[in-house]
Undergrad: 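Handing you this structure, nothing more for now.
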Protein chains: 2
Amino acid sequence: MKQYLVLDEWKIIEKGFKPDLQERSESIFSLGNGRMGQRANFEEKYSGSSLQGNYVAGIYYPDKTKVGWWKNGYPEYFAKVLNSTNWNGINVLIDDEELDLYKCKVSQFSRILNMKEGFLEREFVAELKNGKKIKVNSKRFISIVDTEIAAIRYSVTPINFDGDISFKPYVDADVENQDANYEEKFWAENEKRVNNDKAFLNVRTKKLDFHLCTGIAYKIFQDDKRVNVDAKIVEKDKYISFNFSVNSKKNIETVVYKYVANLSSENHEKNILTSETEKVLDKAINKSFSNLFEEQKDAWAEKWKVCDIQIKGDIAAQQGIRFNIFQLNQTYTGEDERLNIGPKGFTGEKYGGSTYWDTEAFCLPFYLSTAESHVAKNLLLYRYKQLGKAIENAQKLGFDNGAALFPMVTMNGEECHNEWEITFEEIHRNGAIAYAIYNYVNYTGDKEYLVKYGLEVLIAIARFWSQRITYSQEKNMYVMLGVTGPNEYENNVNNNWYTNIIACWSMKYALESALFVSNNFFEDYQRIVKNNNFDDELEISKWKEICNNMYFPYDEKKGIFLQQEGYLDKEQILVKDLDKSNLPINQNWSWDRILRSCFIKQADVLQGLYSFEQNYNLETIKRNFDFYEQRTVHESSLSPCVHSIIASKIGDNKKAYELYLRTSRLDLDDYNDEVAEGCHITSMAGTWLAIVQGFGGMRVKNGELNFNPTIPKQWDSYSFNINFRGYLLNIEVLKQQIVLTNNSIKSIEINVFGTKYKIQQGKSIFINH
Amino acid sequence: MKQYLVLDEWKIIEKGFKPDLQERSESIFSLGNGRMGQRANFEEKYSGSSLQGNYVAGIYYPDKTKVGWWKNGYPEYFAKVLNSTNWNGINVLIDDEELDLYKCKVSQFSRILNMKEGFLEREFVAELKNGKKIKVNSKRFISIVDTEIAAIRYSVTPINFDGDISFKPYVDADVENQDANYEEKFWAENEKRVNNDKAFLNVRTKKLDFHLCTGIAYKIFQDDKRVNVDAKIVEKDKYISFNFSVNSKKNIETVVYKYVANLSSENHEKNILTSETEKVLDKAINKSFSNLFEEQKDAWAEKWKVCDIQIKGDIAAQQGIRFNIFQLNQTYTGEDERLNIGPKGFTGEKYGGSTYWDTEAFCLPFYLSTAESHVAKNLLLYRYKQLGKAIENAQKLGFDNGAALFPMVTMNGEECHNEWEITFEEIHRNGAIAYAIYNYVNYTGDKEYLVKYGLEVLIAIARFWSQRITYSQEKNMYVMLGVTGPNEYENNVNNNWYTNIIACWSMKYALESALFVSNNFFEDYQRIVKNNNFDDELEISKWKEICNNMYFPYDEKKGIFLQQEGYLDKEQILVKDLDKSNLPINQNWSWDRILRSCFIKQADVLQGLYSFEQNYNLETIKRNFDFYEQRTVHESSLSPCVHSIIASKIGDNKKAYELYLRTSRLDLDDYNDEVAEGCHITSMAGTWLAIVQGFGGMRVKNGELNFNPTIPKQWDSYSFNINFRGYLLNIEVLKQQIVLTNNSIKSIEINVFGTKYKIQQGKSIFINH
C-alpha cells in the first residue's frame, strides 16, 4: 500500500513527477468511453519504465502458445487484450534534443484526472540538457458523445529562450503487448493514407482479422492564431508522423491540437473503413477541440446526476467512490450488447478476455440501480446468446443432455483461459449466472425474462450441476469433488461450501422457475420443454434428490461452515499475526505454500452468506465473519466489498469502514502492489455495493425496496440515487437522520428499518435513527 | 493396443509398409548409443506423417514461453529435448522423380531392428510413378564403440530398367521441434566446410550456446568396386548436400556408404570442434563400414552376455524383455556422470529434461545388477552434485535451513518443468532420491557412500519433509497437505499415503544414517555437522516427533490404506466395468473428469507397499492390491511393473503374467496409444524388475541375495544374470527346478525359498520347486 495522490473530491491529482510510480499512474489516470480507452502514457517520448496501452473494445488476440496444453478439454486459445494503435503520441524536440521526462529536469509537475468533466490534464516545466526550459500543458479526452473521437491539446511555452520547437504528432501501430511471447507483434498493415494534415493508418490483427483504422489530424496555434506549418511526412511500417517546427518566443505558448478518429471493423465494413474514418475525423475537426470538450463536460454532468455518490466529511472516501464510479462508466456503457466488462477495462492488458463472473456477481447490481434497464438486460442477454457455446463447452468436458458450463473467461462465449484449476474447476461461475437472472428478475420484476430467455439458461445450468455432483457411498450423501471456489488460493478441493450452496440453489431456482413458467405461460413452457428435450418430471426429481441429500461441510465445535473439507487441518494462523513482509502473499510466497496455507484470497463462505443471507441468522453470519475475516488477505479485488457489506450487516462498523476504504481506494492506494498492471474495474462495482447495500442496507424483497442505513463515524453524511422499476430515489444518510426523496412522477412505498413509508412524487421523508 | 510386429526372439520386425503406423515405428526402431540417438526416420525423402528426431545427450533448449507462469516459484524455463542435425538423409531420384514411399507403390517392405547386433535394416521394392522399379536396402547403426560415429549402407538396385540413379546424401540442421511454439527454430549456423567428399556443418543452439558439429562423407560402390562421382555441392542455410548420379543397370546394386561423425561442445572445445569432427570422421572412413559393423556386433555381444534375460516357450515375452534391455542400453551407459536417463531416451522429444524420479525408483536397480558398480554410483553422484541447486530450489519455495527439494525434471539440477501440481507438489520424488541411497548401500554394502556423500543429501531431504509437514490441531497429528502422489490423476490432495510413508521413512533413514556415521566415522560426522549447520539433537528429535505422530489415511472397514483423504468419496467404478471406448482416459476424458474419478494412473499405495513390503503382512498387501489394481488404468508406463511384482509376491500368477506382458510389450503393442511420441525408456527398467524381483523374487537382505522364484505357466524357463558385490550369478528357473550358477571366482551363500545355500565358484546348484 502506498498513498501518493492528493485528496480531492472530484479529481485524482499527482503532484511532483514520480518516475518510479509511472506505470501505476498510467493505470490510475486512464481514459475510456466504453468503446476505446488508453493508459495515461505521455504524449511525448518517455524512456523510463512504462506500459504502453491503447485498447479497443471487442478486439482481442487468440494466443495459441503451447505450454501444458496437453490436458484434454483445454481451450483452443488464451485471449489476449490487444495493445493497439498508439494515437496520442506527439514527440517534441528543442534543438534536436528530444523532450523526455526521464532524461531532463522536471519541476512543477502535476497530473490531474478530472472525473467531473472527463479529461486528463498534465503540466510541468522541463529543463533540457541543453539548458532550455519549457513549460508544457497537455489536456486530452476520449469523447463519450462521439465514441470514435478523441482530442488532445498539447502546448509548449519557452521559458528562457526564443527559437524553434519541433513537433512530431504521429500514429503508430508497430506496438507490442507486454505479455507477448517472443516479442511477437499482433498487427499487420493494411494501408496508409495521408491527406494534407490528416493521416490514416489502417491495420489488421494477424489472427482473426480485426481491422482498425486510426486517423489523426493536427492544427497549430500561437496566441489563438492558426499557424501554418510545412510538415515533413515520415512513413514507416505501421507508422506515420508529421514532422514540423514552429518558431516561438519566450513565454509564447504554441498549441498543437491533435484530433483522433479510431474506427474498427466491429462497427464498420472493412472495405470502407478508411473513408469512414476520414468522415469521423472531419467531424471532429469541424467541431473543434473546444466544442468537443464542452460536449464532454455536459455529457459527464448528465451521467453524474444519476450515478454520483456524495460523502461528506471524508474526502478520501469521497474521492474513492467517485474514482470507482468514473472508471466503471469509462469501461462499459451498456450500449453494445456484444460487449462486456473486462476486469481491467481499458487500463491494462492483464487477464485477457472481457467477461468473468465479476459481471454477474458484482457489476450487474450497479447497472441495475444506476443505468437504464436495457443495460442490465443486455448483460444477461450476452450470456443467453452464448448458451450454445456453453453447452458445447460442457460437452467437451464430458457432460451431456444440454448441460451448460459457461466459460470462466471469454470474448465470444468460448472458454479462453488456460489454467485447468480455473477453467475446469472454478465452476461456481455457473451459479453466478443463474443468480444474476434471479437478481435481475427480483430487482426489475421482469418475470417475462424468465419466459423468453432465463428458464432455458437455468435448465442448462441445473443439468450441469446434477451431472457434476456425484454420490458418495462413504458419506451416503451427494458431494462435489475437485473444484476451485471463489477463493482461488485453494485448488481442486472437495465440497467447497460456497460452490455446493450455489449449485443447489441454482437447481432449486431452476425448478421454481420451471414451475412458474409452466403455471403461467404454458405454451412457452411447452416450447422450452420441446426445444431443450426437457424431461421435466425426471430431471426435476433428480435435482430435488440431490438438493435434499447434499453434503455441506460444517464444524460443530466452532459453529462455522467449512470453506471445504479439510480446511481445519491447515495451520491456523491469523492475518494479523503474519509479518507484513509476507504480504501480498501472492508476490512473496510460492504457489504451493499459498495453497496449503489457511489464507483466503477472497470471500468464499462469506460470498455465500452474502448471496443467501435470508437463510442464516445474524449469529451464524457473525460467527463465520469473525472466523474467516481474520484469515482473509483480500488479494482479490472482489473480496473487501463483500466483507464490508457483511460487516455492516452484523453491526461491525469499524470493520465495515476499514474494508470500504480498502475496496474504494484499492487502486488509488495500491493495497496489493499491482496497480501498475491496470485498475480493478469490475470490483469497483463492489465499492458501490459496499455503500448502497452495506452502509445503506438496501435490499429488494417481494418487489419492494428496503433500507437499513448506518453511517460510518468518520462521515457527516452520504447520499446516493437509485433507479428502481421506473422510480428515481435519492437516499441521504446523515448522522441523526435519513432523508429519502422521491424524484419520480408517482409515489412509492419503501421500507426503512422494517417500517413501511409512502413517499409522494417529488417529496422527501425524514426518518431519525 | 495394436499388435503389428512379427514375433521374434532377437529382432523387431515390421513386414509390409504401414504409413499409418510410421511414427510409431519410428519410435520403436530407434537407435542410440548413450551419447546420441535417432528415431527411425527414413533416409530418403518421406512426405507422409513423420516425427523427425535426432538427439544428442545433454543438449537442450530452455523454453521461456509465458503461459500461466505468473505463479511464484515457477521455474525459469521448461527444458525441451532438442531435435538436432539430421545426418541420415540420402535423397534418391530416378529421372527427376523423387523416391518417396508415401507416393509410390511399395512391396516386399521389411524393417528390422536387430537387437543382438545393434543395427537397423530396411528393405523394399518401390515402383515409381514413372513405372521404374527399384529395390532398396538400407542398414545403419550408431556405434557403441566409437560413440561419436554412425554409418549407413544404402543400396539401390534397378529391377526393370538401365539408367541413372541420383543420390543426395545431406546434412541438415534447419530442423524444428514438433513442440516448438510459432515454428521457432532452435539452431543457428556457425560454419559450413566442404573438403572433397566430406562436409561439415557446425551449428549452435540459439540459447545456451551448445555447439554441435556433424561431419558426413560418402563412398559409392558397384559390384564391390569403388565408383568415383562428380558431386555437385548444394549449400543452404544450415544445410549441405552432395548431389550426384550413378549409371546403373538392371539388377546391379549401387551402394552408398555414408559415414557420420557427430561431436558436441559438451565434449570438445568449441574452437576446434570442426577439426575434431574431421578427425573422427576420417577415423570412421578409415575403419570402413564393415569393420565398424563388426566392432558393433562384438560390442553388443559383450553387453548381452551380462544383461540378457532368456525366456523359453513364450516368444512374445522374450521379444519384450530383450527390447526393453536393448533400449535401456541404447539410452544410458553410465560412462558420463553428467548424463542421466530421459523418459523417452533418444526416441522422441516429449517430456523434455533428462532426469525424473524414474531414474532412482526404476532404473537404479537395473544398473546395480547388470552394470559395473560405477554406473549406479554415477547415478547417485549426479544428484549429490546437484544438492546445492536442490537447496536453492527449496528456498525459492519458502523452505530454509538447508532443506532440499530435488527437481521433478531437470537437465542440470534446476527445476525445469512447468505444471505447478507436478513441480511444486509431486514431492515424493525427494523420497525416491533418499530411497535410492538406501537401495545402493543395501545392494552394494558400500556404507562409505553414506559418509562421503549420502548423509548430506539425506539430512537436506529430511529437513525438507520436516518443514513441509504441518501440524493439524483438528487431528492432533501431523499431516501433509497439497501434494500430488505418484498417481498424477490426482492433484493437490491431502495426506497422500505414499508420500506420507516415504517422507517418514526418509526422516528415519536420515537419522539412522546420522547415527551410523556418528558412531563409525566421527570425524566425518563432525565435518558434516559443521558444513551443514546440522543441529542434530534438535533436528532429529523433530523428525522423531513427526514420525511418531504422523497421520496415515486408512479405511477400517475395507482394511486398506487410502491413497489420500477422501478417496472413498469418489464414485467407485472398476476399470473392467468401464466401456473400452473411454480408454486411455487421458486421451478421452477432460482433465477435471480424470481428477475426480477413482481411476489411478499408476501404482501409488502399491508403490509404497512395494518399497516397504517388510513392514506389511501378505494379507494386507493382498487386500490393497485387490482393491487398487481394479481401479488402476496403468496409463503411466511406470505402473504395471510394480503391480506385476506385487502380484508375484502375493501369488496371483495370472495377474503377474498379464501385467508383465503389459510392461514388457507396452511400446511394442502400444497399450496406451502413444508410442508415436517415443518409447517409455525409464519404465523398461521396471520390466526387468518384474522378472528379477517379481518372478525371480530377488531381494537383498542383510547383505545377502534372496530368491523366491515362480514361473508363469506360459513359460518353459527363464534365466537372468546378477552382478552382486563382485559376484556374477546366473539364475535359471525351469518348471520343476531352479538352477543357480556361480560364475565368479569365489563361493557365495544365497537364500532360496528361505533356505541358505552355498555355491562354489564355477558351480551350479539345483533346487526343486
Side-chain angles (χ1 to χ4, degrees), chain A residues 63-74 78 179-182 184 350 396-398 418-421 423-425 427 468 470-475 479-483 490-495 551 555 565-572 585-596, chain B residues 63-74 78 179-182 184 396-399 418-421 423-425 427 468 470-475 479-483 490-495 551 555 565-572 585-596:
Chain A
D63 187 87
K64 298 192 179 185
T65 305
K66 289 173 266 179
V67 173
W69 286 39
W70 59 272
K71 294 180 171 110
N72 261 311
Y74 244 63
F78 174 78
D179 64 1
N181 282 305
Y182 307 95
E184 191 190 18
K350 203 185 167 185
K396 270 193 217 166
L397 303 188
N418 64 353
E419 290 167 294
W420 64 265
E421 64 274 18
T423 304
F424 298 161
E425 297 207 336
I427 52 178
R468 184 60 164 75
T470 53
Y471 176 70
S472 162
Q473 256 184 324
E474 181 75 7
K475 289 195 165 66
V479 293
M480 185 150 30
L481 306 179
V483 306
E490 297 275 3
N491 295 152
N492 194 43
V493 300
N494 294 335
N495 291 308
Y551 172 74
D555 186 74
E565 273 194 280
Y567 180 80
L568 290 178
D569 277 330
K570 291 161 177 282
E571 283 189 302
Q572 297 295 327
I585 59 173
N586 69 18
Q587 290 176 27
N588 292 292
W589 286 10
S590 72
W591 187 243
D592 58 316
R593 188 175 176 192
I594 290 174
L595 287 180
R596 64 180 182 274
Chain B
D63 187 87
K64 298 194 179 185
T65 305
K66 288 173 266 181
V67 172
W69 285 37
W70 58 271
K71 293 179 173 111
N72 260 312
Y74 245 61
F78 175 78
D179 65 0
N181 282 303
Y182 307 96
E184 190 191 17
K396 271 194 213 165
L397 304 188
F399 300 92
N418 63 355
E419 290 167 294
W420 63 264
E421 64 275 17
T423 304
F424 298 162
E425 297 206 338
I427 52 180
R468 185 60 164 74
T470 53
Y471 177 70
S472 161
Q473 256 185 324
E474 182 74 6
K475 290 196 166 68
V479 293
M480 186 150 31
L481 307 179
V483 305
E490 296 277 2
N491 294 152
N492 194 42
V493 300
N494 295 336
N495 291 309
Y551 173 74
D555 186 75
E565 274 194 279
Y567 180 81
L568 289 178
D569 277 329
K570 293 162 175 283
E571 284 189 302
Q572 296 295 327
I585 59 173
N586 70 18
Q587 289 176 29
N588 292 291
W589 286 11
S590 71
W591 187 242
D592 58 315
R593 189 175 175 193
I594 291 174
L595 287 181
R596 64 180 181 275

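Chain identifiers are assigned alphabetically (A, B, ...) following the order of the sequence lines, protein sequences preceding nucleic acid strands; residue numbering begins at 1 within each chain.
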Undergrad: Looking at Lys396(A), Lys475(A), Glu425(A), which one has more heavy-atom pairs under 4.5 Å with chain B than the rest?
TA: Lys475(A)

Undergrad: Mark yes when over 12 heavy atoms from residues, nucleotides or ligands other than Gln473(A) sit less than 6.0 Å from its CD; otherwise mark no.
TA: no

Undergrad: For Glu571(A) and Thr470(B), which heavy atoms make the closest approach, and how far apart are they?
TA: OE1-CG2, 3.5 Å

Undergrad: Quick one: what part of Leu595(B) sits under 4.5 Å from any heavy atom of chain A, side chain, backbone, both or neither?
TA: side chain

Undergrad: So which part of Lys570(B) gets closer than 4.5 Å to some heavy atom of chain A, the side chain, the backbone, both or neither?
TA: both

Undergrad: Can you say whether the rings of Trp420(A) and Trp420(B) are parallel (under 30°), tilted (30 to 60°) or perpendicular (over 60°)?
TA: parallel

Undergrad: With distance as the sole test, does Asn492(B) use its side chain to make a donor-acceptor pair with the main-chain N or O of Asn491(A) at under 3.5 Å?
TA: yes

Undergrad: Non-hydrogen atoms of chain B under 4.5 Å away: do they reach the side chain of Asp555(A), the backbone, both or neither?
TA: side chain

Undergrad: If you tally heavy-atom pairs under 4.5 Å against chain A, which of Glu490(B), Gln587(B), Glu565(B) wins?
TA: Gln587(B)

Undergrad: At what distance, to the nearest 0.5 angstrom, does CD1 of Ile594(B) lie from CZ of Phe424(A)?
TA: 9.5 Å

Undergrad: Is there side-chain contact between Arg596(A) and Arg468(B), with at least one heavy-atom pair below 4.5 Å?
TA: yes

Undergrad: Run Glu474(A) and Gln572(B) through side-chain contact (heavy atoms from CB on, under 4.5 Å) and show every step you take.
TA: CA-CA 10 Å; Glu474(A) 181 75 7; Gln572(B) 296 295 327; over 6 Å; no

Undergrad: Tyr551(B) versus chain A, heavy atoms under 4.5 Å apart: side chain, backbone, both or neither?
TA: neither

Undergrad: Counting heavy-atom pairs under 4.5 Å with chain B, which one of Asp569(A), Asp592(A), Leu481(A), Leu568(A) comes out on top?
TA: Asp569(A)

